[in-house]
Student: 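The structure follows.
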Amino acid sequence: MRGLKNTFIYLLCGIFLFNSCTKDYQSLNATHDKPSTTTIGPLVNGIEGTLFLGGTEQGSIHNDYYYPVTQLAATTAFSAFVLSNGVDDIWNNYYSALQNINLVQDKINAVADKESMNNIQAILYTIRALKTFKVTDEFGDIPYFKAGFAYTGKASDFRVAYDPQEAIYDSLLSDLTWAVKNINTSANPVTAAGNPYQTLSSFETVLGNNMAKWQKFANSLRLRYAMQMVEKNPQVATPIILDAINNPVGLIEDDNDVCLWPASLGGYDLSSRWFSFSTGGTGLVRMSSTMWNMVADNNTDAGIFDPRAKLFVEPNAAGDWAPYTIGKSSGDNINAYTYASTDPTNKNGCLFSLVNWFLIRDEWYIPEVILSASEVHFLKAEAYARGLGVAQSLTNAEAEYKAGIKSSVNFWYKIAAATNTASENWAAAAPAAPTDADMQALYANPKVAFTGTNTDAVNKIYAQEWLSYFRQPWLAYNLWRRTGATPVDPASKPSTTYTTFYRLPYAQDEAVNNADNYNAQITKMGGNSTSTKVWWMK
């Protein structure tokens, strides 16, 4: 990390406190020359720091599984990373953070005038929902309601049972509804008792303590996860979809995407991004033929119709556009991105096209995307096209569909134009932003045009939403599992390792440290298998 500002020092303190709670017995982790208590601000700041993706998570799960499973990208072979290590990365991050979330909740509960804590409570609910939804979507049932309380010292809090995913969803959606209703966006709000609302101030670094944006974020998460469960429980999901779309607080809008921006954190180094592609043989990720078919009509520059193509991927070492067909192409087991590489033209002789060097090499500017405006547009487009909650309207669906494409294109071109750090000057190499004529040509391409049957229209919404998740493969993975209708190259022949990869296996430590509850859970599921569907899958 370089050039950290004072605010980000608090983040480091929070991360220290977060890491100090990872074992059952706190005294084993005590660092006696460091503070053992803290206030709400640094704790929340540290929890926000856990939103960053782990390097092993990206290398062993995103690159080895989520990309080829969804066919957003391909891999020429499995990397040297191990799936269980990526699982541990996610599992340990979540349960350590959950302890700090519960610590903050204890401090909120101790305040006499609870209304004064409403905005902080809403932020905590939203962060907890964001993290918990992601983990339960990846694993299925998880310990939740009684988890993360080992700091109390009670033996009963060390090993807790697994909770049904459906119950977790219901609870988190209720929390988000509370947040939307109770956030106070006034400049200087006071309670009914006359006390000022407490604030996180500079400790809140994700949205800059902008409560109106937190309100829109919480409401947008309601839309995302109600849509996630709509195939399984439409009776509960569709009223939430309707309320989220029509709620006067609004949803995340264009140019207000929720992201983790390194620059806003005093120059935070996102080294895990490059590490995940360049270490352990994970330079084996290639452009998939499925993705290429959605952005180009042939393997020439003239055949490219989607302006995002040259931002997401790049030619092979010979300068050609060469897509990799999953299960049919072979060779190219080359680590394309050595960690020491600073030359984007050195592709180590790769036969197939690569993920854009700048997109994964930059550690200082390009954000990690949490929830984009384009995603909101696509969710609304699906709701209108299918009549989920709202009245069915292909006219409204098309408007949101095109808005989602435009929002995604604009987002990535603005990123490319602004990425000009000393070591990664993407701005100098990126193509010019598309013109209005370029965008109209994109909308008119037969693969994109909002024409055909209602089913055709819905599938095109899924395709463009899928493509917009190019650097959020866990969301593409959710969409693939929920709909079964994301793009597939008919020529591809993926193995059953990919076609039935429906969940992550539980962390191996659970079999030792939480044996009784773990054994009860896997008995209920019929084993700790990746082919077991999570609750919301049909």
Side-chain angles (χ1 to χ4, degrees), residues 53-54 56-75 77-95 98 131-145 147 159-169 225 228-229 231-233 282 326-327 473-486 488 492-538:
L53 298 170
T56 309
E57 171 188 4
Q58 295 176 78
S60 67
I61 295 176
H62 293 187
N63 292 352
D64 277 349
Y65 289 94
Y66 291 171
Y67 273 124
V69 164
T70 62
Q71 300 196 19
L72 260 181
T75 53
F78 278 102
S79 74
F81 280 116
V82 179
L83 175 62
S84 61
N85 291 342
V87 165
D88 289 344
D89 207 4
I90 295 171
W91 195 265
N92 294 336
N93 171 292
Y94 174 70
Y95 283 104
L98 187 59
K131 290 186 70 70
T132 305
F133 273 127
K134 182 174 183 291
V135 173
T136 190
D137 283 347
E138 292 181 302
F139 294 96
D141 297 350
I142 58 171
Y144 174 64
F145 292 107
R159 298 171 182 86
V160 299
Y162 288 65
D163 296 302
Q165 187 177 35
E166 182 176 11
I168 295 170
Y169 255 66
Y225 290 104
Q228 187 76 5
M229 64 182 282
E231 317 300 334
K232 189 72 172 185
N233 194 342
T282 48
I326 295 172
W474 64 96
L475 294 181
Y477 178 57
N478 284 354
L479 186 65
W480 171 76
R481 289 184 294 167
R482 173 171 74 86
T483 68
T486 53
V488 173
S492 67
K493 295 188 179 298
S495 70
T496 54
T497 299
Y498 296 142
T499 57
T500 61
F501 192 83
Y502 297 142
R503 60 177 290 274
L504 296 180
Y506 293 124
Q508 293 176 348
D509 282 353
E510 282 288 283
V512 177
N513 298 329
N514 194 19
D516 290 344
N517 294 306
Y518 169 82
N519 288 330
Q521 176 63 21
I522 65 170
T523 298
K524 169 186 169 184
M525 294 167 53
N528 189 16
S529 172
T530 58
S531 62
T532 300
K533 293 183 178 182
V534 299
W535 162 73
W536 43 257
M537 292 181 66
K538 281 190 173 180

Student: To the nearest 0.5 Å, what is the distance between CZ on F139 and CG on L504?
Tutor: 4.5 Å

Student: Can you confirm whether W535 sits close enough to I168 that some side-chain heavy atom of one is under 4.5 Å from a side-chain heavy atom of the other?
Tutor: no

Student: Please list all pairs meeting ring pair (Phe, Tyr, Trp, His ring centres under 6.0 Å) that have one or both residues in residues 503-528, counting only residues at least two apart or in different chains.
Tutor: W91-Y506, Y162-Y506

Student: Do we see a donor-acceptor contact under 3.5 Å between the side chains of Y94 and T132?
Tutor: yes

Student: So, for T56 and D89, which heavy atoms are closest and what is the spacing to 0.1 Å?
Tutor: N-OD2, 3.3 Å

Student: Can you confirm whether R481 sits close enough to Y477 that some side-chain heavy atom of one is under 4.5 Å from a side-chain heavy atom of the other?
Tutor: yes

Student: If you measure from CG on L83 to CD1 on I61, what distance do you get to the nearest 0.5 Å?
Tutor: 5.5 Å

Student: Considering all heavy atoms of both residues, which atom of Y225 and which atom of K134 are nearest to each other, and what is their separation?
Tutor: OH-N, 4.4 Å

Student: Mind checking what makes side chain to side chain contact (heavy atoms under 4.5 Å, CB included) contact with K533, not counting sequence neighbours?
Tutor: Y502, M537

Student: Can you give me the closest heavy-atom contact between S79 and G59, atom names plus distance?
Tutor: OG-O, 4.2 Å

Student: Taking S492 for the side chain and P494 for the main chain, is one N or O donor matched with an acceptor at less than 3.5 Å?
Tutor: no

Student: How many angstroms lie between NE2 in H62 and CG in L72, if you round to the nearest 0.5 Å?
Tutor: 11.5 Å

Student: Who pairs with Y498 by ring-ring contact (aromatic ring centres under 6.0 Å, His included), at least two apart in sequence or on another chain?
Tutor: none

Student: Are Y169 and T136 close enough that some pair of their side-chain heavy atoms sits under 4.5 Å apart?
Tutor: yes

Student: Are any non-hydrogen side-chain atoms of E57 and N93 less than 4.5 angstrom apart?
Tutor: no

Student: My understanding is that only one of N514, N513, N519 makes a side chain to side chain donor-acceptor pair (under 3.5 Å) with N517; could you say which?
Tutor: N514

Student: Assess the side chains of D137 and W536: does a donor N or O sit below 3.5 Å from an acceptor N or O?
Tutor: yes

Student: Any donor and acceptor pair, going by atom type alone, linking the side chain of Q71 with main-chain N or O of Y67 inside 3.5 Å?
Tutor: no

Student: Do you know the tightest heavy-atom contact between S60 and G86?
Tutor: OG-CA, 3.0 Å

Student: Report the C-alpha distance between T497 and Y65 in whole Å, list the side-chain angles of each, state the deciding distance to 0.1 Å, and finish with yes or no for side-chain contact (heavy atoms from CB on, under 4.5 Å).
Tutor: CA-CA 9 Å; T497 299; Y65 289 94; 4.1 Å; yes

Student: Measuring from atom OG of S529 to atom CD1 of I522, what distance do you get when rounded to the nearest 0.5 angstrom?
Tutor: 11.0 Å

Student: Surrounding CD of E231 (heavy atoms of other residues, nucleotides or ligands, distance under 6.0 Å), is the total greater than 12?
Tutor: yes

Student: So how far is it from T483 OG1 to K538 NZ, rounded to the nearest 0.5 Å?
Tutor: 11.5 Å

Student: Restricting to non-hydrogen atoms, name the atom on A167 and the atom on F145 that form the minimum distance, rounded to 0.1 Å.
Tutor: O-CZ, 3.6 Å

Student: Whether the side chain of D141 engages the backbone of Q165 through a donor-acceptor N/O pair (distance < 3.5 Å, no angle test) should be reported.
Tutor: yes

Student: Can you measure from CH2 (W480) to CZ (F501) and round to the nearest 0.5 angstrom?
Tutor: 9.0 Å

Student: Just wondering, do N233 and E166 contact through their side chains at under 4.5 Å, heavy atoms?
Tutor: yes

Student: Where is the tightest heavy-atom contact between I326 and A74, given as atom of each residue plus distance?
Tutor: CG1-CB, 3.7 Å

